[in-house]
Structure formats: C-alpha cells, structure tokens
Amino acid sequence: MIDSLLNGANRWALQTFSRDWVDYLVSNTMTEFNRRINPFVWSYQLQALLLAVHDEADGVKTFVLLPNQHWRDWQAGQHAEFVVEINGAQHRRYYSLAQRENGCVSITVKRVADGLVSNWIHQHWLPGKVIRLGLPQGSFVYRQQPKLLFICAGSGITPCHSIAQALLQQGVVVDIAFDAQFRHETDMIFASSLRDWAREEGLNTNIALSQPRQSCANVVKPLDADELRRRYPDFAGRDIYLCGPQGFMDKTIALLQQAGFDLARLHCERFAGGTWEADAGVGEACEEIVFQHLNQRVQLDTEDAGKTLMQIAERHHVPLEIGCRQGMCGTCKLMLRQGKVSGNTLGNAVYLCSAYPASRRVVLDA
Amino acid sequence: MFINVLRINRFMTTSPSVVASDADTRLDLIEQEFEAIKQRYRAKLGADDVAYIRSLRRKSRICELLGRGLLWISPGPLTFALGVGFVWLHRNLEAIEIGHNVLHGQYDYFPEIPQFHSHNFKWKAPVDEEGWRREHNGQHHVYTNVYEKDPDLNHGLLRTNDLTPWQPSHRYQVPLYLFGVYPTMLYRFNGQNLGFAQEYRAQAFPTGNQGYALVDTEGATQQQLQQRHRRSIGRVLFKEYLLFPALAALTGYSALKVALGNMLADAINNYWIAFTIQATHFTEPLQPEQALQHKGRWYLSQLDSSVNFKGSRRMSILWGHLNYQIEHHLFPDIPSRHYPDMAKEVKAVCARYNIPYKCNPGWGKAIRNFVGVMWKYSFPPARSGSQGGAHHD
Ligand SMILES: Cc1cc2nc3c(=O)[nH]c(=O)nc-3n(C[C@H](O)[C@H](O)[C@H](O)COP(=O)(O)OP(=O)(O)OC[C@H]3O[C@@H](n4cnc5c(N)ncnc54)[C@H](O)[C@@H]3O)c2cc1C
Ligand code: FES
C-alpha cells in the first residue's frame, strides 16, 4: 500500500520534473529519514522502477523501466548493465535499451536455455520492483550515415530496432533497410513493428525464419550471398549494423567479406563474450577502466602499461579532479566499484595519482 | 619572482651549491617523518571516525531544531537571541567541521556513510561543491602561498604581498573586506572557484590578473557555471529566507522575525568563518612552486605557509579545526578530530629538525595579524618601481 503510493509519487516526480531538478532537490535533502522512507530517489545509487511487463514472443518479454534521477542521456543502440541478486550472489548482465515515452526505457529479454539471469528475470521481475542498473554505455549507435542496413537475429534485434525506431521518431532523413532472422514463427520479436514500417514508412524490411514450422506468408529465407544481392542490391553503399548470436554473426561477417563489403562500414554488437564476470585476478593486464561518475570508459593500449590510473586517465582525456599528483592532498580520490588496483588505497578509496590498475577491468566511481 | 625565492630559503641555511646532498638527505628524512605520522593515523581510522561525524550531524540537527523552533515561536528578545545562537551553531558545524572536512574526502574510506563521501556530500553552505573541491583541494592545498598559483593568497580584490601590482582600489581593502565582503563571505566563494572573480579582475584592473592565481573551470560552459552558482546559493536563500519565514507566517507567527534571526545567524557565521580562514595563511611567507618536486620540501613549504592559533578542543570544533591549519595542510584528508594529537607529533619532528612551528597565542592575535597585513598592502610599495611587475605598463 505505502509502496505503491511511494512508487506513484516517485513516478509523478520523475515524469513531471527534469531528472536534473529531482537530483538537485533530492541530493540537498538527503537525510537519514528520507533515505529510509523513500530509498528509491533518496539514494546515491542509480536504480529503476519496473512499471510494466509485456509478452513479446515465446520466452521473450519486454520490461518498461523508469530510472531514477541518476540516469543520464543516452543514444539508441546503447545498453546498460543490470545487477541481479540471486541467492545472495550478484550477477551482472547487459541488456540493450529502447526509448519509451515519459522518461522511460525498456529492455527486451529472451530466455536463454539454462540461462541463470534471463530466466530469473522472467520469473521475478514484476511491476513495482526496484531494479539496480548501470549507466548507459556502448558505441553501437547511429553516426550520421545516409544509408543503413540492419542485420540481426534473435534477441539481437533489440538494439537494431531501437536505433531504427529512434531515427524514425525523430524524423531523421536516412534510408533504412532491415533484415531480422528468427528460428520459428513463435520466436519473432517486433515483427509487427517491422511490418508497420514497411507499410507506413516504405522501409525495405524482411523477416526470415531459419526453421519455419509451417509455410507462412510474409517471411523469407535466411540471408545468403544471393539473397543479400537480391534483397539489398545497394548493400555496398550502406553502413551495416549487425547483432545476433555468435554463430550468426560469424557467418554473416564471412558472407559480407566474400561479397566484397568494406568492413570499415560494419558495426557489430556482441551479446555473448563472457566479459561480464569481470573479477579477474590481480596482476592481469588491464584492458578497460570505467569512470562511472563521468560515464566514460577508457580502453588501454600498450603505452598505458606501468602508468598510474591518473596518467592513464589524462592520456585518454578524462577530466578528473587533480591536485598534487603524489598522494598528499587527496583531491583525486575515487571509489573502487569493481576489479582490483594496487598502490595507494585506503578502504575503498583509490588515490588515482598513486595507484595502478591490477585487473582486466577496473570500475571507478565518485 | 626572485624576491620570492629569497624569502623562502630560510630553511636552507647552507648555500645551495655547497653540500647540496646534505640538504637532500635532510629533506628525505623530513619526508619520512611526516609520512610515518600520516601512515600511523591512516592505520587508526575506523569506527570512531564514523561515530564522530555521525554524532556531529546529530548535534547539528538538534541545534537546528532548537534554533528554528525558538525563532519561530520566540516570545521575547532572550529566546530570539538563543534561537539565533542555535541556528548559527547548526550552520557553523555544517559549514566547516562537517562540510569543509568532508569535502576533503576525510570520510571517503567508510562505505557505511555514503552521505559523508566527498563526491556525494551536499553543503548546507551556498557553495558549489565541485568548484570548491577543484579550487580548494586541488589548487590551494597543493600550491599554498605560491605566488600566482594559490587562488586563496590574493583573492577577490585583495592584495596581500608586494609582488602583486597595486591598484587604487586596494586602498579601501580593509573596510571593504571587514564590512562588505566578510559578512557575506560564503556567498562569494563561488565567485572565485567558478572563475567569475578572475573575469572581473581581467576587466577592472589595468594589470588584469597579474599577481592573482587563475582557476581552471575544466571545460564547463559559462551557462553551466552560472547554473551551478545559482543553485548552490538558491538552496540556502530558499531555506533561510523563504521556507522558514513562510512556515512561520502560515502558522500565525512573524515571518520577519524568523528571516531576521536567520540573517543574523548567517552574518555571524560568515564573519566567524572569514576570521578563521583568513588568519592562517597570507600572513606567512610566499612559497616556491618547485616545492612540489620533493615531498619533503613540500611538507616544509606547508609548514612555512601555515600558522596555527591556540584554542581548546571544543572551540577547535567550532573553528572546523582550522586553528590546526598546519596539521590540516600536512594531512588534509585525515579526519580533523585527530589534528590536536597529530600536532604533538608534528611539533616534535619540527623541534628535532629545527623547523619553526608557528602558532599564534590566540584567535584575537591571529586576527590582528592578518588585518595588519591587509592594512600594510593597501598602500603602494614604498620603493616604487623596485618590486613586482607594477611598472610593466
Ligand atoms: C552488449 C550486450 C547487449 C545485450 N543485450 C541483450 C538484449 O537486449 N536482450 C537479451 O535477451 N540479451 C542481451 N544480451 C545478453 C544478456 O546479457 C545475457 O547474456 C543473456 O540474457 C544470458 O544470460 P543468462 O544469465 O540467462 O545466461 P548464462 O547463465 O550466463 O548462460 C547460460 C548459457 O547460455 C549461453 N549464453 C549466454 N548468453 C547467450 C546469448 N546471448 N545467446 C545465446 N547463448 C547465450 C552461455 O554461454 C551459457 O552456456 C546482451 C549482452 C551484451 C553483452
Ligand atoms: S592528486 Fe593529490 S592525492 Fe592524488
């Protein structure tokens, strides 16, 4: 009862005022009392309220979320990290974001056979639940190209659909073609949306089934060299956005290569890869440093070896707060959220000027 | 610049060319001594510090409750005065012992109190926190008393040394600061931290910002800076001069009395803090920028640029422990409650190495000293043309 009242109030506040104003108000009234009464907004943590759940297809659900004031502007095609606690253990998975009205976003989650998190989400995420997530990230976004072709399979359609939808909604003049592949009729995600786009916007959209159960109108067969040329005769002049299961991606890339497509114009989003269990051991070469409060991530190169976190950040133009550079003044301190560092640390606080990354991925926050 | 160097060489008793290595080993030893003190106290940090900051916040809240309650319903002058006193106590604790120290990251180490982490904390003072952290922690504390590097040395329109070109307006700096700036001191910090003051000087002074340190606003647009300024000030003005007076009016009490009480508390708070912070640096010698090249040398430079003043432990809380300016500058992100104990160890090291440890006998003397410096430098240099860069134009 109280919960639903609070949820209603939070929803009203976040949808009526800009997040910026809510943050101003909330951060300046962060009392113990407020934090206990309404921990959704009176919180230092980014979290989202689950507003609705829709069935999308067999084993596929869409979750509509309202993030609190710590959310940032983002671009269609980006994803966010979701933190799910199952039996006391934290698990992190990424899901692509789609724009919804009224400051909401949605994610579309497909159950993976034996998948831990995706199945748990399907069972336990009910409207009213508060969900922990990270800031939007990723570079699978539109970059002002005039002609696009999306090629996707399975749940890989989510970021592609999100980009195309945003472009259509904003009325950006761009030539979009869309190729989506699913296994069966019952697996199809966003199929009606694709058909609407074909009918109303005149887009060249195709839905392919790899294992159709019955003969079915309006579907085509999976993409191969001939089909590529037939469906998209001008594919060589397009930027291709590709997302889907690893096998599908490998096959498609080989296909494009054979067809002589310029791979510099191929943009990929990988859903699998195993980077999410990031707690690598100490001493491993660091590949990525995330500055969560600035929403900036740095991919390390060979020249970063042996450098302090601050030197690395500066090389990559991260605007840190910097003072003495020798561990005396404390200006540079940030909090370690994930991964390991060595050198000058105290508790969770890391002195960037005199500490070094010590795991594959290091996540720092204010 | 070279006068500068002469003034700071008093620790290096031998001439630099002779026995340079002796001086170096001495600096190494000094570095080790102060690092050892720091490490000892870092190892001690724990539950007591968490309890301390929590209990301070509780006390500040109780003062606020009492103060605002008394001002709200106060029937007579005595309750009104008490009300002002309590509101002032609340605002004083929040501004310095809590706010200033928290923004140094003195409580960043304790995950159980995210509200007291330097990047989460919101001041109940009219100051933009990020601007403060960059200017105060990142510049003032690093380049303390370094000419044209320490923005707190000559700030605003103030002139506190002979290197800084004299302007006719400096003639009025004592009354201007005592009666114009100090009663609203906190409301002016943004002016410095967000770069508005340096823009003003660039326009108003023929020598521009010569003699004054520039702050770097790190790529923020004018619009963003103005917004941060408005917001940090707005939250205080709203609470003190709109919300609480309105609440009084709505319940049939005097809005005017509440606003007046809050204004008095505000003014007292501003004076209190201005007299505390002004009394601890610019009376002391200028420092070389190169001090930063050696940690031992940097510690010496912090010792030479800061001066303490005596006071009881309880009073120290009301000064935000800034009367332990030396310890604060040597160890800016160790929780302030340790400074009185650290002071004993610092003094012992100073005695062993023959380093002057500077301490005024009381606040009154410290105030007289700094007003004296302001007075002295309100006049043009006696030997005209021989100093600073005033003759460049
Ligand atoms: C950038 C990015 C964006 C993503 N966006 C989405 C999205 O919008 N919608 C969505 O449903 N998923 C998305 N994913 C995948 C998602 O993060 C999870 O990997 C997926 O939900 C499986 O998690 P799980 O815990 O259920 O499976 P796990 O318990 O981690 O894995 C169970 C088994 O399934 C395999 N497996 C793991 N992930 C996949 C996969 N994606 N496809 C096939 N097999 C897999 C594993 O190798 C393992 O054998 C995205 C991943 C990334 C990296
Ligand atoms: S910059 Fe001074 S401690 Fe890191």
Side-chain angles (χ1 to χ4, degrees), chain A residues 18 20-36 39 42-46 69-70 291-294 296 310 313-314 317-337 344-355 364-366, chain B residues 34-35 38 42-43 45-46 54 57-58 61 103-111 114-115 117-124 129-130 133-144 216 218-220 227-228 231-232 234-236 238-239 292-295 298-299 302 329-334:
Chain A
S18 71
D20 191 37
W21 268 101
V22 176
D23 185 45
Y24 177 48
L25 193 79
V26 162
S27 63
N28 280 295
T29 51
M30 193 71 88
T31 59
E32 297 276 351
F33 178 78
N34 287 341
R35 288 171 69 197
R36 213 158 293 158
W42 271 284
S43 164
Y44 293 107
Q45 213 157 55
L46 170 59
Q69 72 279 7
H70 297 301
F291 296 90
Q292 227 155 41
H293 61 304
L294 301 168
Q296 243 175 296
M310 177 178 290
E314 288 190 307
H317 312 291
V318 181
L320 295 177
E321 293 172 26
I322 297 177
C324 65
R325 297 168 186 277
Q326 355 193 344
M328 328 270 264
C329 71
T331 307
C332 62
K333 271 183 294 188
L334 288 177
M335 298 292 159
L336 184 65
R337 294 277 184 246
N344 191 5
T345 64
L346 190 51
N348 237 358
V350 181
Y351 292 71
L352 303 201
C353 62
S354 35
L364 298 163
D365 197 358
Chain B
F34 288 119
E35 286 292 312
K38 175 153 81 183
R42 279 173 73 151
L45 303 186
R54 280 202 167 127
R57 177 44 73 72
R58 234 179 354 257
R61 287 253 185 263
L103 285 169
H104 267 292
Q106 294 182 355
Y107 300 89
D108 279 2
Y109 324 111
F110 313 111
Q115 69 271 37
H117 289 182
S118 54
H119 290 259
N120 287 342
F121 182 80
K122 292 286 169 179
W123 229 341
K124 295 186 202 314
E129 292 84 4
E130 184 186 339
R133 290 196 308 267
R134 286 186 185 278
E135 186 272 347
H136 181 80
N137 303 1
Q139 280 183 269
H140 165 65
H141 268 266
V142 175
Y143 300 106
T144 317
D216 184 358
E218 288 293 326
Q227 190 195 53
R228 278 161 58 185
R231 286 191 172 183
S232 53
R235 63 189 175 189
V236 175
F238 171 77
K239 195 173 163 188
L292 210 53
Q293 285 164 6
H294 189 297
K295 279 194 195 181
W298 185 81
Y299 278 125
Q302 293 301 324
H329 265 260
L330 294 174
F331 315 108
D333 67 350
I334 297 288

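Residue numbers begin at 1 in each chain, while the letters A, B, ... track the order of the sequences.
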| request: Could you tell me whether the side chains of A/Trp42 and A/Thr29 share a donor-acceptor contact shorter than 3.5 Å? | output: yes
So for [X], is it side chain, backbone, both, or neither that comes closer than 4.5 Å to the heavy atoms of chain A?
X	answer
B/Gln227	side chain
B/Trp123	backbone
B/Tyr299	side chain
B/Gln302	neither
B/Lys239	neither
B/Arg57	neither
B/Gln115	both
B/Leu103	neither

Ring-face cation of B/Arg231 near A/Trp21 (centre distance under 6.0 Å, axis angle within 45°):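 Cation-pi check for B/Arg231 and A/Trp21: passes.
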Side chains of [X] and [Y]: does their closest heavy-atom pair fall under 4.5 Å?
X	Y	answer
B/Asp333	A/Tyr351	yes
A/Gln296	A/Pro319	yes
A/Leu336	A/Leu364	yes
A/Tyr44	A/Met30	yes
B/His140	B/His329	yes

Can you tell me which portion of [X] sits under 4.5 Å from chain B's heavy atoms? Options are side chain, backbone, both or neither.
X	result
A/Leu346	both
A/Thr345	backbone
A/Arg35	side chain
A/Leu25	neither

### For A/Gln326 against A/Cys353, the heavy-atom pair lying closest together
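Here A/Gln326 and A/Cys353 meet closest at N-SG, 3.8 Å.
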side-chain contact (heavy atoms from CB on, under 4.5 Å) with B/His119: of B/Glu130, B/Glu129, B/Arg133, only one passes, and it is B/Arg133
Comparing A/Gly327, A/Ala366, A/Gly330 against chain B, the one with the most heavy-atom pairs below 4.5 Å turns out to be A/Ala366
Of the listed B/Trp298, B/Phe331, B/Phe121, the one with the largest count of heavy-atom pairs under 4.5 Å with chain A is B/Trp298
Most contact-rich option vs chain A, by heavy-atom pairs under 4.5 angstrom, among B/Asn137, B/Asn120, B/Asp108, is B/Asn120
B/Arg61 bridged to A/Glu32 by N-O distance under 4.0 Å
no
